[in-house]
Undergrad: 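My questions will all concern the structure given below.
Given the structure is predicted, the values throughout are model-derived calculations rather than measurements. Worth knowing before you read on, the calculation uses all heavy atoms, side chains too, and leaves out hydrogens, waters and symmetry mates.
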Amino acid sequence: MTGQAAGPVWPSAAPPPADPALAWDLHEVAELPRVRAELRRHSLSHAVARAAEPETAEELRDQLILALDEMASNALRHGGGAVRAAVRLTADAYLIEVSDGAASTPPSPAVDRDPSEGGLGLYLIAEMSSAHGWYVSDGAKFVWALLPRA
């Protein structure tokens with residue numbers, strides 16, 4: 001993992017338009033296993049299943065679940081306020097969007113940190129995604145990433 005895709009700060013940008021698929025209001029990290037299971041079931045019955053190779057479909061599904069889990073756990077641990085996670089669909093990608101109450105605090109990937117200390121999830125998401133960013137709306141911070149469906 002190079003960390004080059006994330007840079008010191010995620011870009012301030014709005015996500016592309018997407019259709020609703022799944023959404024959760026989250027209050028604690030202990031809810032994430034249920035969210036991961038729901039997302040896994042959804043991805044099995046939707047576009048990730050269209051991937052040509054079973055290994056590709058499994059890898060895309062794992063990346064989707066990992067990205068949502070990382071983004072939601074970051075919001076729950078560091079964001080403050082109400083946390084909402086959503087997965088929406090574009091023509092060829094999943095749009096993951098997580099909001100929290102820390103509107104004045106942009107997502108900040110760890111810089112010059114030993115990987116054993118954690119904090120590298122945003123780099124990983126940036127490398128897996130075709131686009132990523134954040135924006136503020138109605139007093140909330142929204143962090144998003146676009147991951148391929150096939």
Side-chain angles (χ1 to χ4, degrees), residues 1-48 58-149:
M1 179 175 3
T2 65
Q4 297 302 311
V9 179
W10 271 28
S12 178
D19 296 323
L22 298 169
W24 304 269
D25 290 315
L26 301 172
H27 307 285
E28 57 187 34
V29 173
E31 295 172 282
L32 292 177
R34 174 184 52 84
V35 169
R36 289 191 303 264
E38 288 176 22
L39 184 53
R40 180 170 296 282
R41 282 191 301 275
H42 180 270
S43 67
L44 285 170
S45 63
H46 286 79
V48 165
E58 186 174 333
E59 182 179 336
L60 292 173
R61 188 172 40 256
D62 290 347
Q63 289 177 359
L64 172 68
I65 293 165
L66 175 62
L68 175 70
D69 189 68
E70 285 287 336
M71 292 167 70
S73 65
N74 280 349
L76 288 162
R77 288 185 176 110
H78 310 295
V83 172
R84 181 154 178 88
V87 175
R88 298 197 301 266
L89 304 174
T90 70
D92 58 356
Y94 281 103
L95 173 62
I96 302 168
E97 188 172 63
V98 177
S99 64
D100 64 44
S104 63
T105 307
S108 299
V111 177
D112 296 329
R113 182 184 292 170
D114 184 314
S116 67
E117 295 177 19
L120 299 176
L122 290 175
Y123 288 117
L124 181 62
I125 295 164
E127 289 189 9
M128 292 186 306
S129 66
S130 58
H132 60 278
W134 75 285
Y135 64 97
V136 173
S137 179
D138 297 325
K141 173 180 66 198
F142 292 79
V143 179
W144 61 271
L146 201 59
L147 277 81
R149 290 198 287 166

Undergrad: Which atom names give the shortest non-hydrogen contact between L95 and P16, and what distance separates them?
TA: CD2-O, 3.7 Å
Undergrad: With side chains defined as the heavy atoms from C-beta onward, is the minimum distance between T105 and H78 less than 4.5 Å?
TA: no
Undergrad: Could you measure the distance from the CG atom of L147 to the CD1 atom of I96? Nearest 0.5 Å is fine.
TA: 5.0 Å
Undergrad: Between A72 and L26, what is the shortest heavy-atom contact and its length?
TA: CB-CD1, 3.8 Å
Undergrad: Roughly how far apart are I65 CD1 and L32 CG, rounded to 0.5 Å?
TA: 12.0 Å
Undergrad: Could you check whether Y135 and E97, counting side-chain N and O atoms only, form a donor-acceptor pair closer than 3.5 Å?
TA: yes
Undergrad: Compare every heavy atom of I125 with every heavy atom of A67, then report the nearest pair and how far apart it is.
TA: O-CD1, 3.8 Å
Undergrad: Determine whether D19 and R88 make a side-chain contact, defined as any pair of heavy atoms from C-beta on separated by less than 4.5 Å.
TA: no
Undergrad: Given W24, which of V83, V98, V87 fulfils the side chain to side chain contact (heavy atoms under 4.5 Å, CB included) condition?
TA: V87
Undergrad: Under the criterion side-chain contact (heavy atoms from CB on, under 4.5 Å), I'd like the reasoning laid out for R40 against D62: C-alpha separation, chi angles, the key distance, then a yes or no.
TA: CA-CA 8 Å; R40 180 170 296 282; D62 290 347; 3.4 Å; yes
Undergrad: Minimum heavy-atom separation for A103 to V136, with atom names?
TA: O-CG2, 3.3 Å
Undergrad: Among L60, D92, L89, whose side chain to side chain contact (heavy atoms under 4.5 Å, CB included) with R149 holds?
TA: L89
Undergrad: Look up atom CG in L68 and atom OG in S73, then write down how far apart they are to the nearest 0.5 Å.
TA: 9.0 Å
Undergrad: For the atom pair CG (L76) and NE2 (H27), what is the distance rounded to the nearest 0.5 Å?
TA: 9.5 Å
Undergrad: At their closest point, which heavy atom of E70 faces which heavy atom of G121, and how far apart are they?
TA: OE1-CA, 3.4 Å
Undergrad: Can you check whether P107's main-chain N or O pairs, donor with acceptor, with W134's side chain at less than 3.5 Å?
TA: no
Undergrad: If you take all heavy atoms of M71 and A145, which pair is closest and at what distance?
TA: CE-N, 4.0 Å
Undergrad: Counting heavy atoms not belonging to D138, are there more than 12 under 6.0 Å from its CG?
TA: no
Undergrad: Within the 4.5 Å heavy-atom criterion, are Y94 and S43 side-chain neighbours or not?
TA: yes
